[in-house]
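All remarks here apply to the structure that follows.
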Amino acid sequence: MYSDLLTTLYQSHKESSLFGRYITPKMIAPLFESIGQEYDVSVIGYSVNQQPIHAIKLGTGEKRVLLWSQMHGNESTTTKALFDLLNAIISKEAVFEDILKACTLCIIPMLNPDGAALYTRLNANGVDLNRDAQDLSQPESAVLRQCFDKFLPDYCFNLHGQRTIYGVGNTGKSAILSFLSPAQDKQRLVTETRKIAMSIIAQINMQLQSDIPDSVGRYDDEFNINCVGDTFQSLGTPTVLYEAGHYKNDYNREITRFLVFKSLYYGLDAVVRDSDRNHHHRTYFNIPENQKNFYDIIVKNTIVDENSGKVEDVAIQYTEKLDDDSINFIPEVVAIGNLSEFYAHNYIDAKGKTIFAEDNTQMQIGYANVFVLINNEKITLKAP
Ligand SMILES: [Zn+2]
């Protein structure tokens with residue numbers, strides 16, 4: 001029911017200085033400056049390379065919500081959406097009044113600035129911060145934990161991005177957004193804490209179904225105490241994992257950004273109305289689990305081995321590479337065979353013709369080039 005209003009708000013408040021996948025500390029520094037003129041923006045610590053890590057506090061309510069993004073430096077979609085949301089909030093849009101009255105938000109838009117600058121998942125020491133929740137060996141992990149211990153959140157939103165390989169169960173639909181209420185023990189018990197996070201996710205999902213029917217996935221809940229979400233959940237704070245996923249040709253993740261913007265609102269709105277929680281958590285399990293059954297491109301009905309003449313499929317996956325301040329998507333053949341159980345964001349139908357590498361040799365796994373030859377014609381594999 002909020003969908004149209006949120007669309008209008010997004011269009012008027014989208015942070016226009018942020019676009020695409022490569023979002024760096026330099027790009028967001030001026031945004032902190034302008035937000036800081038009116039709101040509480042502070043440096044809560046420094047990264048390995050001495051980049052400041054900022055937090056923004058908003059709202060006056062009792063429910064304390066801690067949100068952080070870009071713990072993995074190359075997962076920038078949720079960061080863009082956070083600034084869109086912040087723009088709408090600081091413009092005093094009325095729809096946020098209830099949230100700001102009921103909640104105090106602490107927002108860390110970029111926990112891993114070094115990884116963001118390098119466009120890597122890891123921090124500057126090559127550590128995955130989402131496996132460092134117990135050791136706290138890295139300054140960024142310690143910053144988040146100190147913030148958690150000091151702010152004492154009632155809810156956490158742990159914001160990530162996911163690769164293009166995930167489908168919603170076996171429906172053939174891409175997981176445009178995924179969520180998880182992490183386990184807090186090896187038995188994956190459905191504790192009261194988990195139920196609250198599940199209920200929030202179920203309510204977000206219910207709203208999203210009108211925007212993106214059957215395109216929301218649920219992450220598998222294997223327990224790993226070294227993950228931040230599992231740790232915070234085990235400490236009794238309901239923690240919602242958001243994963244910004246992929247839709248068709250949206251390699252810049254701008255469509256997903258808009259859907260994350262909406263989902264952040266839906267999540268906070270669910271926090272405000274948490275009396276619904278016990279009714280909703282059961283439907284969390286109706287969200288299909290993610291499957292790794294998507295490729296970027298599948299070339300269908302092609303002959304790889306001219307001797308056998310067998311009709312097969314060729315799967316191509318992009319590797320993201322930072323080059324001159326932008327992200328290049330390098331296509332690489334990752335599977336050849338009968339791929340009828342898999343789906344792709346884009347298909348090329350070879351109609352039974354032979355596929356060759358660009359130098360006319362037989363197609364092999366590991367072939368990385370922007371073209372293939374099908375029936376002697378150059379077919380581009382470039383990201384749209
Ligand atoms: Zn991540």
Side-chain angles (χ1 to χ4, degrees), residues 20-25 28 47-48 53 66-83 107-138 140-141 143-145 147-148 156-166 174-183 197 201 204 216-233 239-247 250-253 256-257 259-260 263-264 267 289-292 294 317-320 322 327:
R21 297 292 278 275
Y22 187 48
I23 303 298
T24 66
I28 62 170
S47 67
V48 172
I53 298 167
L66 174 62
L67 307 89
W68 64 94
S69 177
Q70 236 167 330
M71 154 184 287
H72 293 138
N74 57 353
E75 296 174 2
S76 54
T77 308
T78 48
T79 304
K80 293 186 289 184
L82 274 178
F83 281 106
I107 302 177
I108 306 172
M110 188 180 279
L111 184 64
N112 179 5
D114 300 342
L118 296 166
Y119 199 70
T120 58
R121 175 179 174 89
L122 311 175
N123 78 344
N125 287 332
V127 173
D128 185 339
L129 301 176
N130 206 22
R131 299 293 179 272
D132 194 37
Q134 293 296 312
D135 296 343
L136 301 176
S137 67
Q138 301 304 306
E140 298 88 353
S141 314
V143 164
L144 179 60
R145 184 55 191 262
C147 184
F148 178 89
C156 288
F157 288 7
N158 180 11
L159 310 176
H160 289 256
Q162 71 185 9
R163 288 179 291 159
T164 56
I165 58 173
Y166 293 101
S174 170
I176 306 176
L177 284 169
S178 301
F179 297 90
L180 172 70
S181 167
I201 292 168
I204 298 170
V216 178
R218 175 166 55 91
Y219 249 81
D220 119 68
D221 65 349
E222 191 175 307
F223 177 64
N224 183 348
I225 193 68
N226 298 312
C227 296
V228 175
D230 303 46
T231 289
F232 288 175
Q233 191 103 282
T239 299
V240 175
L241 173 76
Y242 281 68
E243 290 275 359
H246 191 75
Y247 177 68
D250 183 29
Y251 284 89
N252 285 316
R253 298 277 170 99
T256 309
R257 165 192 190 163
L259 293 163
V260 173
S263 305
L264 288 168
E289 249 191 66
N290 278 342
Q291 302 291 329
K292 287 183 187 169
F294 259 82
Q317 195 64 30
Y318 293 123
T319 309
E320 293 156 30
L322 174 63
I327 304 306

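The structure displayed is predicted, hence computed values, not measured ones. Every number for a ligand or one of its atoms is a count from 1 in the order of the listing. Only heavy atoms go into these numbers, but all of them, side chains included; no hydrogens, no water, no symmetry mates.
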May I ask you to decide if the ring planes of Tyr251 and Tyr318 are parallel, tilted or perpendicular, using 30° and 60° as cut-offs?
-> perpendicular
How are the rings of Tyr166 and Tyr219 set relative to one another: parallel (under 30°), tilted (30 to 60°) or perpendicular (over 60°)?
-> tilted
In [X], the N, O or S atom nearest to the Zn ion (ligand 1) is which?
X: His72; value: ND1
X: His160; value: ND1
X: Glu75; value: OE1

Polar side chain donor-acceptor pair, Gln138 to Asn123, under 3.5 angstrom = yes
Is the Tyr242 to Phe179 ring centre distance short of 6.0 Å?
-> yes
